[in-house]
Amino acid sequence: MQKIIIKEKFEQDWIRMFTHLANLFFEQSNIILEDDVDAIQASMSLERNSAGGLLGRSSLTRDGIDYFAEFSEIEEDGDAKVKTRQLKRIYSHIFLDVLEQATGMRQSWGILTGIRPMKLYHKYRQLGCSFEEVRQILMKRHRISRDKSEILSKIADVQLRAVPDLYELKNEVSIYIGIPFCPTKCAYCTFPAYAINRKNGRVETFLDGLHEEIREMGKWLTERDMKITTIYFGGGTPTSIEAEEMDALYETMYASFPNMNNVREITVEAGRPDTITPAKIDVLKKWGIDRISVNPQSYTDETLKAIGRHHSVQETIDKFWLSRNMGMKNINMDLIIGLPNEGMEEFKHSLAETEKMQPESLTIHTLSFKRASEMTRNKDKYKVADRATVEQMMKLGEEWNVANGYEPYYLYRQKNILGNLENVGYSKPGEESIYNIVIMEEVQTIIGVGCGASSKFIEPETGKITQFYNPKDPAAYILSYEESIEKKLAHLNTIFPVTVNK
Ligand code: SF4
(Lines give C-alpha, C1' and ligand atoms only; values in the text may rest on other atoms or scores of the structure.)
Protein backbone atom coordinates (compact mmCIF):
# COMPACT_ATOMS: atom_id res chain seq x y z
CA MET A 1 0.00 0.00 0.00
CA GLN A 2 1.47 3.35 -1.04
CA LYS A 3 0.26 6.35 0.93
CA ILE A 4 0.21 9.72 -0.84
CA ILE A 5 -0.48 13.04 0.85
CA ILE A 6 -1.90 15.74 -1.40
CA LYS A 7 -1.53 19.03 0.46
CA GLU A 8 -4.50 20.81 -1.08
CA LYS A 9 -8.11 19.90 -0.26
CA PHE A 10 -10.10 18.21 -3.03
CA GLU A 11 -13.65 16.86 -3.31
CA GLN A 12 -14.16 13.09 -3.14
CA ASP A 13 -14.54 12.62 -6.91
CA TRP A 14 -11.19 14.36 -7.44
CA ILE A 15 -9.57 12.12 -4.80
CA ARG A 16 -10.98 9.13 -6.68
CA MET A 17 -9.45 10.42 -9.89
CA PHE A 18 -6.02 10.87 -8.24
CA THR A 19 -6.29 7.39 -6.69
CA HIS A 20 -7.01 5.82 -10.10
CA LEU A 21 -3.93 7.53 -11.51
CA ALA A 22 -1.72 6.53 -8.57
CA ASN A 23 -2.94 2.93 -8.89
CA LEU A 24 -1.33 2.83 -12.33
CA PHE A 25 2.03 2.98 -10.52
CA PHE A 26 1.45 1.15 -7.25
CA GLU A 27 -0.29 -2.12 -6.43
CA GLN A 28 -2.69 -0.15 -4.24
CA SER A 29 -2.52 3.50 -3.25
CA ASN A 30 -4.28 5.57 -0.67
CA ILE A 31 -4.59 9.35 -0.80
CA ILE A 32 -4.44 10.47 2.83
CA LEU A 33 -4.88 13.79 4.61
CA GLU A 34 -2.85 13.37 7.80
CA ASP A 35 0.94 13.56 7.93
CA ASP A 36 2.80 10.28 7.62
CA VAL A 37 6.56 9.88 7.26
CA ASP A 38 6.19 6.95 4.85
CA ALA A 39 3.90 8.84 2.50
CA ILE A 40 4.79 10.46 -0.81
CA GLN A 41 4.07 14.20 -0.58
CA ALA A 42 2.37 15.93 -3.49
CA SER A 43 1.11 19.42 -4.14
CA MET A 44 -0.81 20.93 -7.07
CA SER A 45 -1.86 24.45 -8.00
CA LEU A 46 -3.43 26.35 -10.88
CA GLU A 47 -2.80 29.89 -12.07
CA ARG A 48 -3.11 32.00 -15.22
CA ASN A 49 -0.03 32.22 -17.41
CA SER A 50 1.13 35.40 -19.14
CA ALA A 51 -0.99 34.57 -22.22
CA GLY A 52 -4.14 34.24 -20.08
CA GLY A 53 -4.24 30.42 -20.33
CA LEU A 54 -4.54 27.93 -17.47
CA LEU A 55 -1.24 26.78 -16.00
CA GLY A 56 -1.14 23.78 -13.66
CA ARG A 57 1.93 23.10 -11.52
CA SER A 58 2.72 20.07 -9.42
CA SER A 59 5.49 18.96 -7.13
CA LEU A 60 6.10 15.59 -5.53
CA THR A 61 8.64 14.40 -2.98
CA ARG A 62 9.62 10.75 -2.74
CA ASP A 63 12.55 9.42 -0.70
CA GLY A 64 13.84 12.97 -0.22
CA ILE A 65 13.96 13.79 -3.94
CA ASP A 66 11.73 16.51 -5.41
CA TYR A 67 10.02 16.30 -8.82
CA PHE A 68 8.20 19.11 -10.64
CA ALA A 69 5.83 19.37 -13.61
CA GLU A 70 3.70 21.98 -15.31
CA PHE A 71 1.18 22.02 -18.13
CA SER A 72 -0.79 24.84 -19.69
CA GLU A 73 -3.82 25.04 -21.95
CA ILE A 74 -6.03 27.74 -23.43
CA GLU A 75 -9.18 27.95 -21.35
CA GLU A 76 -12.11 26.20 -23.07
CA ASP A 77 -15.44 27.94 -23.65
CA GLY A 78 -18.45 26.14 -22.23
CA ASP A 79 -20.60 25.47 -19.20
CA ALA A 80 -19.47 24.42 -15.73
CA LYS A 81 -19.23 20.77 -16.83
CA VAL A 82 -16.82 21.60 -19.67
CA LYS A 83 -14.70 23.73 -17.34
CA THR A 84 -14.52 21.07 -14.62
CA ARG A 85 -13.57 18.46 -17.22
CA GLN A 86 -10.72 20.66 -18.41
CA LEU A 87 -9.46 21.29 -14.87
CA LYS A 88 -9.52 17.60 -14.11
CA ARG A 89 -7.55 16.94 -17.25
CA ILE A 90 -4.90 19.52 -16.34
CA TYR A 91 -4.55 18.20 -12.79
CA SER A 92 -4.39 14.61 -14.04
CA HIS A 93 -1.70 15.62 -16.49
CA ILE A 94 0.61 17.23 -13.92
CA PHE A 95 -0.01 14.53 -11.28
CA LEU A 96 0.81 11.78 -13.77
CA ASP A 97 3.91 13.64 -14.91
CA VAL A 98 5.47 13.80 -11.41
CA LEU A 99 4.49 10.19 -10.69
CA GLU A 100 6.20 9.09 -13.91
CA GLN A 101 9.35 10.99 -12.94
CA ALA A 102 9.36 9.63 -9.39
CA THR A 103 8.82 5.99 -10.37
CA GLY A 104 10.59 5.86 -13.73
CA MET A 105 7.47 4.18 -15.14
CA ARG A 106 5.92 5.49 -18.36
CA GLN A 107 2.14 5.10 -18.73
CA SER A 108 1.50 4.49 -22.40
CA TRP A 109 -2.21 5.29 -21.98
CA GLY A 110 -1.35 8.58 -20.28
CA ILE A 111 -4.13 10.03 -18.14
CA LEU A 112 -6.80 7.79 -19.66
CA THR A 113 -8.11 5.44 -17.01
CA GLY A 114 -11.43 4.73 -18.76
CA ILE A 115 -12.12 1.68 -20.85
CA ARG A 116 -12.80 3.20 -24.27
CA PRO A 117 -9.93 5.26 -25.63
CA MET A 118 -11.36 4.87 -29.16
CA LYS A 119 -14.44 6.86 -28.16
CA LEU A 120 -12.24 9.82 -27.40
CA TYR A 121 -10.59 9.41 -30.78
CA HIS A 122 -13.93 9.38 -32.61
CA LYS A 123 -15.12 12.40 -30.61
CA TYR A 124 -12.26 14.51 -31.91
CA ARG A 125 -12.79 13.16 -35.44
CA GLN A 126 -16.46 14.13 -35.31
CA LEU A 127 -15.43 17.62 -34.19
CA GLY A 128 -13.66 17.89 -37.54
CA CYS A 129 -10.03 17.22 -36.53
CA SER A 130 -7.81 15.45 -39.06
CA PHE A 131 -6.12 12.14 -38.22
CA GLU A 132 -2.86 13.99 -37.50
CA GLU A 133 -4.54 16.62 -35.35
CA VAL A 134 -6.24 13.95 -33.22
CA ARG A 135 -2.93 12.18 -32.75
CA GLN A 136 -1.26 15.37 -31.57
CA ILE A 137 -4.11 16.12 -29.15
CA LEU A 138 -3.96 12.63 -27.68
CA MET A 139 -0.23 12.82 -27.16
CA LYS A 140 -0.01 16.37 -25.82
CA ARG A 141 -3.25 16.75 -23.92
CA HIS A 142 -3.81 13.19 -22.69
CA ARG A 143 -0.15 12.04 -22.53
CA ILE A 144 -0.86 8.96 -24.65
CA SER A 145 2.31 7.45 -26.13
CA ARG A 146 3.06 7.71 -29.84
CA ASP A 147 2.60 3.92 -30.22
CA LYS A 148 -0.85 3.94 -28.65
CA SER A 149 -1.99 7.02 -30.52
CA GLU A 150 -0.88 5.37 -33.74
CA ILE A 151 -2.80 2.19 -33.02
CA LEU A 152 -5.94 4.26 -32.24
CA SER A 153 -5.54 6.08 -35.51
CA LYS A 154 -5.08 2.82 -37.41
CA ILE A 155 -8.17 1.30 -35.75
CA ALA A 156 -10.31 4.35 -36.57
CA ASP A 157 -9.20 4.02 -40.17
CA VAL A 158 -10.20 0.34 -40.31
CA GLN A 159 -13.52 0.95 -38.51
CA LEU A 160 -14.54 3.72 -40.91
CA ARG A 161 -13.60 1.53 -43.85
CA ALA A 162 -15.66 -1.39 -42.47
CA VAL A 163 -18.61 0.81 -41.45
CA PRO A 164 -18.46 4.02 -43.52
CA ASP A 165 -21.74 5.21 -41.96
CA LEU A 166 -20.51 4.58 -38.39
CA TYR A 167 -21.49 8.07 -37.24
CA GLU A 168 -24.95 7.77 -38.83
CA LEU A 169 -26.10 4.47 -37.30
CA LYS A 170 -27.90 6.10 -34.40
CA ASN A 171 -31.37 5.55 -35.89
CA GLU A 172 -30.79 1.81 -36.23
CA VAL A 173 -30.33 -0.69 -33.41
CA SER A 174 -28.35 -3.85 -32.78
CA ILE A 175 -29.60 -6.80 -30.75
CA TYR A 176 -27.72 -8.80 -28.12
CA ILE A 177 -29.17 -12.18 -27.13
CA GLY A 178 -27.74 -13.68 -23.93
CA ILE A 179 -27.80 -17.41 -23.28
CA PRO A 180 -26.38 -18.02 -19.81
CA PHE A 181 -25.21 -21.63 -19.99
CA CYS A 182 -21.79 -23.25 -20.42
CA PRO A 183 -20.65 -26.84 -20.01
CA THR A 184 -18.65 -25.76 -16.90
CA LYS A 185 -17.65 -22.44 -15.40
CA CYS A 186 -14.12 -21.16 -16.17
CA ALA A 187 -12.06 -19.83 -13.26
CA TYR A 188 -11.61 -16.30 -14.68
CA CYS A 189 -15.25 -15.95 -15.75
CA THR A 190 -17.54 -13.16 -14.57
CA PHE A 191 -20.05 -13.51 -17.40
CA PRO A 192 -23.56 -14.71 -16.71
CA ALA A 193 -22.63 -18.36 -17.18
CA TYR A 194 -24.10 -21.33 -15.35
CA ALA A 195 -22.95 -24.90 -15.75
CA ILE A 196 -25.74 -26.37 -17.85
CA ASN A 197 -27.95 -28.77 -15.96
CA ARG A 198 -30.77 -30.35 -17.92
CA LYS A 199 -32.38 -31.94 -14.89
CA ASN A 200 -33.94 -28.92 -13.18
CA GLY A 201 -35.94 -27.69 -16.20
CA ARG A 202 -34.31 -24.26 -16.02
CA VAL A 203 -33.04 -24.33 -19.60
CA GLU A 204 -36.54 -24.86 -20.99
CA THR A 205 -38.20 -22.21 -18.83
CA PHE A 206 -35.40 -19.75 -19.62
CA LEU A 207 -35.88 -20.38 -23.35
CA ASP A 208 -39.65 -19.83 -23.03
CA GLY A 209 -38.92 -16.39 -21.58
CA LEU A 210 -36.33 -15.64 -24.24
CA HIS A 211 -38.73 -16.49 -27.11
CA GLU A 212 -41.26 -14.15 -25.53
CA GLU A 213 -38.73 -11.33 -25.20
CA ILE A 214 -37.70 -11.73 -28.85
CA ARG A 215 -41.34 -11.68 -29.99
CA GLU A 216 -42.18 -8.57 -27.95
CA MET A 217 -39.08 -6.64 -29.07
CA GLY A 218 -39.82 -7.79 -32.62
CA LYS A 219 -43.35 -6.29 -32.43
CA TRP A 220 -41.95 -2.94 -31.35
CA LEU A 221 -39.26 -2.99 -34.06
CA THR A 222 -41.81 -3.94 -36.70
CA GLU A 223 -44.18 -1.12 -35.67
CA ARG A 224 -41.30 1.37 -36.15
CA ASP A 225 -40.04 -0.42 -39.28
CA MET A 226 -36.70 -0.19 -37.50
CA LYS A 227 -33.50 -1.36 -39.19
CA ILE A 228 -31.33 -3.81 -37.29
CA THR A 229 -27.61 -3.39 -37.95
CA THR A 230 -26.31 -6.55 -36.27
CA ILE A 231 -27.47 -9.43 -34.06
CA TYR A 232 -25.12 -11.08 -31.58
CA PHE A 233 -25.71 -14.26 -29.58
CA GLY A 234 -23.45 -14.26 -26.51
CA GLY A 235 -23.56 -15.57 -22.99
CA GLY A 236 -22.47 -18.01 -21.62
CA THR A 237 -22.04 -20.14 -24.67
CA PRO A 238 -25.08 -19.97 -26.97
CA THR A 239 -24.19 -23.32 -28.51
CA SER A 240 -24.56 -25.03 -25.11
CA ILE A 241 -28.25 -25.61 -25.83
CA GLU A 242 -29.44 -28.44 -28.11
CA ALA A 243 -29.49 -28.10 -31.92
CA GLU A 244 -33.34 -28.21 -31.93
CA GLU A 245 -33.46 -25.43 -29.33
CA MET A 246 -31.11 -23.28 -31.43
CA ASP A 247 -33.26 -23.96 -34.49
CA ALA A 248 -36.45 -22.88 -32.70
CA LEU A 249 -34.76 -19.72 -31.43
CA TYR A 250 -33.58 -18.64 -34.88
CA GLU A 251 -37.04 -19.39 -36.27
CA THR A 252 -38.59 -17.05 -33.71
CA MET A 253 -35.92 -14.44 -34.46
CA TYR A 254 -36.60 -14.51 -38.22
CA ALA A 255 -40.37 -14.50 -37.69
CA SER A 256 -40.29 -11.61 -35.21
CA PHE A 257 -37.64 -9.13 -36.35
CA PRO A 258 -38.32 -6.86 -39.34
CA ASN A 259 -35.94 -6.20 -42.25
CA MET A 260 -33.92 -9.38 -41.63
CA ASN A 261 -32.54 -9.17 -45.18
CA ASN A 262 -30.82 -5.91 -44.28
CA VAL A 263 -29.11 -7.19 -41.13
CA ARG A 264 -25.41 -6.75 -41.81
CA GLU A 265 -24.13 -9.51 -39.54
CA ILE A 266 -25.33 -12.28 -37.25
CA THR A 267 -22.79 -13.80 -34.87
CA VAL A 268 -23.18 -16.81 -32.63
CA GLU A 269 -20.51 -17.36 -30.01
CA ALA A 270 -19.52 -20.99 -29.94
CA GLY A 271 -16.66 -20.18 -27.57
CA ARG A 272 -16.42 -23.55 -25.91
CA PRO A 273 -15.35 -26.04 -28.59
CA ASP A 274 -16.89 -28.87 -26.54
CA THR A 275 -20.33 -27.51 -27.49
CA ILE A 276 -19.85 -27.61 -31.27
CA THR A 277 -21.46 -30.53 -33.14
CA PRO A 278 -22.24 -31.17 -36.82
CA ALA A 279 -25.97 -30.94 -36.05
CA LYS A 280 -25.56 -27.45 -34.54
CA ILE A 281 -23.45 -26.25 -37.48
CA ASP A 282 -26.20 -27.52 -39.81
CA VAL A 283 -28.71 -25.41 -37.90
CA LEU A 284 -26.50 -22.31 -38.16
CA LYS A 285 -26.15 -22.88 -41.91
CA LYS A 286 -29.88 -23.42 -42.32
CA TRP A 287 -30.44 -19.88 -41.00
CA GLY A 288 -27.60 -18.31 -42.97
CA ILE A 289 -25.39 -17.73 -39.94
CA ASP A 290 -21.72 -18.19 -40.77
CA ARG A 291 -19.93 -15.99 -38.24
CA ILE A 292 -19.00 -17.85 -35.06
CA SER A 293 -16.38 -17.69 -32.32
CA VAL A 294 -14.36 -20.73 -31.37
CA ASN A 295 -12.22 -19.73 -28.43
CA PRO A 296 -9.03 -21.62 -27.61
CA GLN A 297 -7.76 -19.02 -25.02
CA SER A 298 -4.54 -21.08 -24.85
CA TYR A 299 -3.00 -24.04 -26.69
CA THR A 300 -1.48 -25.55 -23.54
CA ASP A 301 -3.56 -28.35 -22.02
CA GLU A 302 -2.28 -27.72 -18.46
CA THR A 303 -3.49 -24.12 -18.68
CA LEU A 304 -6.95 -25.15 -19.88
CA LYS A 305 -7.13 -27.55 -16.94
CA ALA A 306 -5.96 -24.87 -14.47
CA ILE A 307 -8.66 -22.42 -15.59
CA GLY A 308 -11.41 -25.03 -15.58
CA ARG A 309 -12.28 -25.12 -19.27
CA HIS A 310 -12.71 -28.88 -19.42
CA HIS A 311 -11.79 -29.24 -23.07
CA SER A 312 -8.50 -30.14 -24.70
CA VAL A 313 -6.37 -28.24 -27.17
CA GLN A 314 -6.98 -30.96 -29.75
CA GLU A 315 -10.74 -30.46 -29.38
CA THR A 316 -10.36 -26.77 -30.26
CA ILE A 317 -8.36 -27.64 -33.36
CA ASP A 318 -10.78 -30.39 -34.41
CA LYS A 319 -13.85 -28.20 -33.92
CA PHE A 320 -12.28 -25.32 -35.80
CA TRP A 321 -11.71 -27.56 -38.84
CA LEU A 322 -15.14 -29.15 -38.49
CA SER A 323 -16.73 -25.68 -38.57
CA ARG A 324 -14.55 -24.53 -41.41
CA ASN A 325 -15.10 -27.67 -43.51
CA MET A 326 -18.85 -27.49 -42.95
CA GLY A 327 -18.97 -23.94 -44.34
CA MET A 328 -18.39 -21.45 -41.51
CA LYS A 329 -16.79 -18.62 -43.45
CA ASN A 330 -16.00 -16.17 -40.68
CA ILE A 331 -14.49 -17.66 -37.55
CA ASN A 332 -13.22 -15.60 -34.66
CA MET A 333 -10.77 -16.95 -32.10
CA ASP A 334 -9.78 -15.49 -28.72
CA LEU A 335 -6.44 -15.81 -26.97
CA ILE A 336 -5.67 -14.58 -23.46
CA ILE A 337 -2.26 -13.23 -22.48
CA GLY A 338 -1.14 -13.85 -18.90
CA LEU A 339 -3.07 -17.01 -18.04
CA PRO A 340 -1.71 -18.89 -15.01
CA ASN A 341 1.81 -20.29 -15.43
CA GLU A 342 2.04 -18.98 -19.00
CA GLY A 343 4.98 -16.97 -20.32
CA MET A 344 6.48 -16.17 -23.70
CA GLU A 345 7.00 -19.81 -24.66
CA GLU A 346 3.34 -20.79 -24.20
CA PHE A 347 2.12 -17.67 -25.98
CA LYS A 348 4.48 -18.26 -28.90
CA HIS A 349 3.11 -21.79 -29.12
CA SER A 350 -0.49 -20.47 -29.13
CA LEU A 351 0.35 -18.11 -31.99
CA ALA A 352 2.08 -20.89 -33.94
CA GLU A 353 -1.04 -23.06 -33.66
CA THR A 354 -3.30 -20.14 -34.64
CA GLU A 355 -1.12 -19.57 -37.68
CA LYS A 356 -2.06 -22.99 -39.05
CA MET A 357 -5.77 -22.15 -38.91
CA GLN A 358 -5.79 -18.51 -40.01
CA PRO A 359 -9.15 -17.58 -38.48
CA GLU A 360 -10.76 -14.48 -40.02
CA SER A 361 -10.37 -12.59 -36.74
CA LEU A 362 -8.38 -12.99 -33.57
CA THR A 363 -8.99 -11.14 -30.32
CA ILE A 364 -6.06 -10.89 -27.95
CA HIS A 365 -7.20 -10.32 -24.39
CA THR A 366 -5.00 -9.53 -21.43
CA LEU A 367 -6.04 -11.37 -18.29
CA SER A 368 -7.98 -9.18 -15.93
CA PHE A 369 -8.63 -9.95 -12.29
CA LYS A 370 -12.31 -9.12 -12.05
CA ARG A 371 -13.75 -9.03 -8.58
CA ALA A 372 -16.34 -11.75 -9.01
CA SER A 373 -14.15 -14.45 -10.56
CA GLU A 374 -12.92 -17.58 -8.83
CA MET A 375 -9.40 -16.65 -9.94
CA THR A 376 -9.51 -13.32 -8.12
CA ARG A 377 -10.96 -14.87 -4.96
CA ASN A 378 -8.04 -17.31 -4.92
CA LYS A 379 -5.40 -15.03 -6.42
CA ASP A 380 -2.54 -16.66 -4.48
CA LYS A 381 -3.23 -20.02 -6.15
CA TYR A 382 -2.52 -18.65 -9.63
CA LYS A 383 0.98 -17.60 -10.70
CA VAL A 384 0.84 -15.05 -13.50
CA ALA A 385 3.50 -13.34 -15.62
CA ASP A 386 4.99 -10.02 -14.52
CA ARG A 387 4.29 -6.70 -16.20
CA ALA A 388 7.39 -6.75 -18.42
CA THR A 389 6.60 -10.25 -19.75
CA VAL A 390 2.96 -9.35 -20.37
CA GLU A 391 4.10 -6.32 -22.34
CA GLN A 392 6.48 -8.46 -24.38
CA MET A 393 3.67 -10.91 -25.15
CA MET A 394 1.42 -8.06 -26.25
CA LYS A 395 4.15 -6.78 -28.55
CA LEU A 396 4.69 -10.26 -29.96
CA GLY A 397 0.93 -10.56 -30.56
CA GLU A 398 0.97 -7.27 -32.47
CA GLU A 399 3.91 -8.33 -34.63
CA TRP A 400 2.40 -11.73 -35.32
CA ASN A 401 -0.87 -10.16 -36.44
CA VAL A 402 0.86 -7.77 -38.82
CA ALA A 403 2.98 -10.60 -40.25
CA ASN A 404 -0.15 -12.71 -40.82
CA GLY A 405 -2.14 -10.00 -42.58
CA TYR A 406 -4.43 -8.96 -39.70
CA GLU A 407 -5.30 -5.38 -38.78
CA PRO A 408 -6.42 -4.08 -35.37
CA TYR A 409 -10.08 -3.02 -35.56
CA TYR A 410 -11.29 -2.54 -32.00
CA LEU A 411 -9.69 -2.00 -28.65
CA TYR A 412 -10.87 -1.68 -25.09
CA ARG A 413 -9.37 -1.67 -21.65
CA GLN A 414 -10.56 -3.15 -18.40
CA LYS A 415 -10.03 -2.37 -14.77
CA ASN A 416 -7.42 -4.55 -12.98
CA ILE A 417 -6.03 -5.72 -16.29
CA LEU A 418 -2.49 -7.15 -16.12
CA GLY A 419 0.14 -4.48 -16.89
CA ASN A 420 -2.57 -1.82 -17.48
CA LEU A 421 -2.73 -3.08 -21.05
CA GLU A 422 -5.68 -3.58 -23.37
CA ASN A 423 -7.71 -6.09 -25.36
CA VAL A 424 -7.34 -5.78 -29.11
CA GLY A 425 -9.49 -7.31 -31.82
CA TYR A 426 -7.64 -8.06 -35.06
CA SER A 427 -9.14 -9.19 -38.31
CA LYS A 428 -8.28 -9.89 -41.91
CA PRO A 429 -9.31 -6.87 -44.03
CA GLY A 430 -13.07 -6.96 -44.65
CA GLU A 431 -13.77 -9.55 -41.93
CA GLU A 432 -14.23 -7.14 -39.00
CA SER A 433 -17.13 -7.79 -36.64
CA ILE A 434 -19.49 -4.86 -37.09
CA TYR A 435 -21.19 -5.68 -33.79
CA ASN A 436 -17.89 -5.32 -31.93
CA ILE A 437 -17.34 -1.94 -33.53
CA VAL A 438 -20.80 -0.52 -32.83
CA ILE A 439 -20.90 -1.74 -29.25
CA MET A 440 -17.40 -0.53 -28.41
CA GLU A 441 -17.87 2.89 -29.93
CA GLU A 442 -21.39 3.28 -28.49
CA VAL A 443 -22.79 4.68 -31.74
CA GLN A 444 -26.26 3.17 -31.50
CA THR A 445 -28.79 1.56 -29.17
CA ILE A 446 -28.20 -2.09 -28.33
CA ILE A 447 -31.29 -3.96 -27.18
CA GLY A 448 -30.30 -6.79 -24.86
CA VAL A 449 -32.59 -9.80 -24.42
CA GLY A 450 -31.96 -12.94 -22.39
CA CYS A 451 -29.97 -13.53 -19.24
CA GLY A 452 -27.45 -10.95 -18.12
CA ALA A 453 -28.08 -8.98 -21.32
CA SER A 454 -27.32 -5.32 -20.91
CA SER A 455 -29.33 -2.89 -23.03
CA LYS A 456 -27.76 0.42 -23.88
CA PHE A 457 -30.23 3.08 -24.95
CA ILE A 458 -28.49 5.90 -26.79
CA GLU A 459 -30.47 9.04 -27.53
CA PRO A 460 -29.90 9.74 -31.23
CA GLU A 461 -29.71 13.51 -30.80
CA THR A 462 -27.75 13.95 -27.57
CA GLY A 463 -25.83 10.65 -27.37
CA LYS A 464 -27.01 10.30 -23.76
CA ILE A 465 -26.68 6.69 -22.60
CA THR A 466 -29.06 4.84 -20.28
CA GLN A 467 -28.35 1.24 -19.36
CA PHE A 468 -30.70 -1.51 -18.34
CA TYR A 469 -29.66 -4.96 -17.16
CA ASN A 470 -31.64 -8.17 -17.39
CA PRO A 471 -30.99 -10.45 -14.39
CA LYS A 472 -27.92 -12.66 -14.65
CA ASP A 473 -29.42 -15.65 -12.91
CA PRO A 474 -31.83 -17.79 -15.01
CA ALA A 475 -34.09 -18.30 -11.95
CA ALA A 476 -34.44 -14.53 -11.46
CA TYR A 477 -34.83 -13.99 -15.21
CA ILE A 478 -37.74 -16.41 -15.43
CA LEU A 479 -39.57 -14.46 -12.73
CA SER A 480 -38.93 -11.00 -14.11
CA TYR A 481 -38.58 -11.05 -17.91
CA GLU A 482 -42.11 -9.65 -18.46
CA GLU A 483 -41.27 -6.65 -16.30
CA SER A 484 -37.94 -6.24 -18.15
CA ILE A 485 -39.78 -6.16 -21.49
CA GLU A 486 -42.03 -3.35 -20.26
CA LYS A 487 -39.15 -1.30 -18.93
CA LYS A 488 -37.15 -1.68 -22.14
CA LEU A 489 -40.11 -0.73 -24.31
CA ALA A 490 -40.63 2.38 -22.16
CA HIS A 491 -36.99 3.39 -22.75
CA LEU A 492 -37.28 2.70 -26.47
CA ASN A 493 -40.45 4.77 -26.78
CA THR A 494 -38.70 7.69 -25.13
CA ILE A 495 -35.68 7.73 -27.40
CA PHE A 496 -37.46 6.69 -30.61
CA PRO A 497 -40.78 8.53 -30.78
CA VAL A 498 -43.15 7.15 -33.43
CA THR A 499 -42.16 9.65 -36.15
CA VAL A 500 -38.49 8.63 -36.27
CA ASN A 501 -37.32 6.41 -39.13
CA LYS A 502 -40.55 6.60 -41.14
S1 SF4 B 1 -16.84 -20.31 -21.75
FE2 SF4 B 1 -16.86 -18.08 -21.46
S3 SF4 B 1 -18.88 -17.62 -20.58
FE4 SF4 B 1 -18.54 -19.83 -20.34
S5 SF4 B 1 -17.68 -20.07 -18.30
FE6 SF4 B 1 -15.95 -19.91 -19.71
S7 SF4 B 1 -15.43 -17.71 -19.79
FE8 SF4 B 1 -17.48 -17.91 -18.84
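It should be emphasised that the depicted structure is a prediction, and the values quoted were computed from it without experimental measurement. For this chain, numbers begin at 1 and follow the sequence in order. Whatever order the structure lists ligands and atoms in, that order sets their numbers, starting from 1.
A donor atom on one side chain and an acceptor atom on the other are found under 3.5 Å apart for D334 and N332. A side-chain N or O of E342 and one of T303 form a donor-acceptor pair less than 3.5 Å apart. Using a 3.5 Å distance cut-off with no hydrogens or angles, the side chains of D318 and Q314 do pair a donor with an acceptor.
Taking the six-membered ring wherever Trp is involved, the centroid distance between the rings of Y406 and Y426 does not fall below 6.0 Å.
Under a 4.0 Å criterion applied to the non-hydrogen atoms of R309, ligand 1 contributes the atoms 1 (S), 6 (Fe).
Panel note: side chain D301, backbone S312; no donor-acceptor pair is recorded below 3.5 Å.
Around atom 4 (Fe) of ligand 1, the protein N, O or S atoms closer than 2.8 Å are C182 SG, listed by chain and residue number.
How far NZ of K487 is from OG of S455: 12.0 Å, rounded to the nearest 0.5 Å.
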